[in-house]
Amino acid sequence: MSENTKVKGKITHFIKLPLYFLPLWVVLTVVSFWYDHIGGIYMAVGTVIYATAVLVIYTRYKSIFVKDLVEFGADYSQIQKEMLNDLDVPFGLLDETGRVLWANNMFVDVVQGEKIQNKNVISIFDKFDGENLKFDESGRNEFMMTYNDREYKAVLKEFTLDPEWSKKKNEQEKRADMIAFYLFDYSYISQLEKENADEKMIVGHIYLDNYDELMQEVEPARRTLTLALIDRKIAKYFGEYDGIVRKVETDKYFVFFKAKYLNQIQSDKFSVLDEVKEIPTGDNMDATLSIGLGRGNEKLIDNYELASSAIDLALGRGGDQAVLKDGNKVYYYGGKSKSVEKNTKVKSRVKATAFRELLMDHADVYIMGHHLADNDAFGAAIGFYRIAKTLGKEAHIVLGEYTSTVAPLVDDYKADEEYPDDMFMTGSEALDQITKNDVLIVVDCHSADYAEEPGLVNRAQTKVVVDHHRQKEDAIENVQLSYIELTASSSCELVVEIMQYVNETVRLSVKEANTMYSGIMVDTNNFTRRVGVRTFEAAAYLRKKGAEIATVNKMFRNKLEDYKAKADTISNAEIYKDVYAISVCDAKDVDSPTTVGAQAANELLTVKDIKASFVLTPYNDQVYISARSMDKNVQVLMEEFGGGGHMTLAGAQVKGAKVEDVVKQLKKLITAKIKEGEL
């Protein structure tokens, strides 16, 4: 060892400690001479002896001391190396590109003896890429990874050999020399977490959708047997998954089972929905179920609330389906059959009574439909406007853009002096005027995103929703009164029924009756689609109020440009999978391209062998999709685009997309749904 070897750090002060006392000896010697010369001489001799001894020991034993320190450091370093090499945590050193510079024994065992020296971790571990070698401000990165059927938590920490690295301000100067790579085996923890999750209980509600109608259809002598067969089917199905079913009412059941069986039930796509329909009942009706399940929360009561919300969603979408609410996620299964029309108007009467009481307790009424209002949305708004006026309330219709068939109606109302100037207002005007004592009525939609002014939904404290479309998970929350009836042909039909039960004589003008009648005509395609007994009853009521059929028919006469655009759309249609007609309505020179697109979709459905039609209309930086079908569930397709509607009539709006890309996506969805049995 070189004699010039220098010892640095605090150890040098410990070695030189005797030398630090020499000045003290000198000071004591001087003080001794001051008081006593003889004592000072003795003190001086002692100081010389101490200084000589310290200097001799320091110069003679320094090298030996340093040698011992170096040997200890080497031994300590070797122990550290051996401990690191035998560490029970896989550990490796990488360069800045991810190349392995060194790895301990445990790391080598993880990769099962694979030669990893100088190999890049990207080539060693699956799903490991350059993104994993990016670090946050602290120079650290953590993520979960799977390797050889084991789950690991990978921890990467960059470090440098430059002691001044932390003081550098320029990020480009702060370049790491190496990366420390740790692997923590989380397989057992993940297994425990999975077992814990599997043992949690999933709760659910099961409703027999058409109990009343079923009991009317089935012979009295067979009613008990029919219900017993339904009970047995439900109990047997969930019993196979170790579930418990309890009947709480004649048409309601409560079920709970362990979460580990949920994947099997999902893979089975809730086949109990189809099994119940196979039970012999009557010639014209099958028994259908609605199932609502909840999971995703720690508390059982919270999952119960999710299940309650799920069953409401299933019923709001027409029944004959299962809805699973997993926290904020919603999954749908079934929903292939058409909804059964309710012949009784008890629900309408109850809703009308509650609606009247709600209006009487508040001040002004604001009525709003969906964006780009059509005849149904506008007609329903006019109906509620007249009801509010009859009850002595100030009412306003929030209106923005609307279709070409609505435009002459709006102009007619604005020109009529019997209607006040504030009958119509924009969304921004309504936002400025609405107060906490006012009521907001949303018609023909139940989602804030589709409403004319979404901000108004958030601003209003008292909300009423009346709609006839399948309910979606983004439905408006905190609604005081909701009337979503999927079996209704239109929102105007629902408003007419409410109008008859508000305990007041509502005097519709001929103009208002015509407006509401036109809404029913549009949504039923001139009474050819989604028409029930109650639809004709609503139409008859409006006819009694003065609706003029000839006048309404004149509203829907097409301009020559519209007719040509519709004809071009139909002639350019592509037949996909033999039964699906897909076309693009590029109607640039018409007043309302979306209306033309919807009309073309209706016309395409009259072509022989066509079971569903889709017309895509690019308009205002969006692609509007009009979907129609004879017996295919086009609503599930439109939900994939963020839209909705009914099983045989639906639509969607795709923002910021090219029409050709939407066509490709639509074809892929059709193919996928066919494979899944959804179409």
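Values below: every heavy atom of this structure, side chains too, minus hydrogens, waters and symmetry copies. Heads up: numbering here begins at 1 and tracks the sequence. Bear in mind the structure is a predicted one, so any value in this text is a computation, not a measurement.
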Side-chain heavy-atom pair Y237, V276 within 4.5 angstrom cut-off: no
Can we call the ring centroids of Y261 and F238 under 6.0 Å apart? no
On a heavy-atom basis, the closest approach of A565 and V590 is CB-CG1, 4.0 Å
Sub-4.5 Å side-chain heavy-atom contact between R628 and N525: no
Would a line drawn from the ring center of H205 to the ring center of Y304 be shorter than 6.0 Å? yes
NZ (K269) with more than 12 external heavy atoms under 6.0 Å: yes
F536 ring center near F527 ring center (under 6.0 Å): yes
Can you establish whether the number of heavy atoms outside Q264 located under 6.0 Å from its atom CD is more than 12? yes
Heavy-atom side-chain proximity of N620 to E401 below 4.5 angstrom: yes
Where is the tightest heavy-atom contact between V272 and I234, given as atom of each residue plus distance? CG2-CA, 4.3 Å
Looking only at heavy atoms, what is the nearest atom pair of D286 and L214, with distance? C-CD1, 4.3 Å
Any side-chain donor-acceptor pair under 3.5 Å between E639 and Q635? yes
Please lay out, stage by stage, how V323 and I311 fare under the test side-chain contact (heavy atoms from CB on, under 4.5 Å). CA-CA 7 Å; V323 176; I311 193 65; over 6 Å; no
T594 side, atom OG1; I625 side, atom CD1 - distance, nearest 0.5 Å: 13.0 Å
Smallest separation among heavy atoms of S491 and V466, with atom names: OG-O, 4.2 Å
Please assess Q480 against V439 for the test side-chain contact (heavy atoms from CB on, under 4.5 Å), listing each intermediate value before the final yes or no. CA-CA 10 Å; Q480 279 66 36; V439 178; over 6 Å; no
Do D586 and D568 touch side chain to side chain, with heavy atoms closer than 4.5 Å? no
Heavy atoms of S290 and D320 approach each other most closely as OG-N, 3.5 Å
Step through it carefully: locate the ring centre of F257, locate the ring centre of Y241, and say whether they are under 6.0 Å apart. no
When you look at NZ of K673, are more than 12 heavy atoms from neighbouring residues, nucleotides or ligands closer to it than 6.0 Å? yes
Contact summary for K667 and I582, nearest pair of heavy atoms: CG-CD1, 4.0 Å
May I ask you to test the F424-Y413 pair for a side-chain heavy-atom distance under 4.5 Å? yes
Tell me, do L293 and Y331 make a side-chain contact under 4.5 Å, heavy atoms counted? no
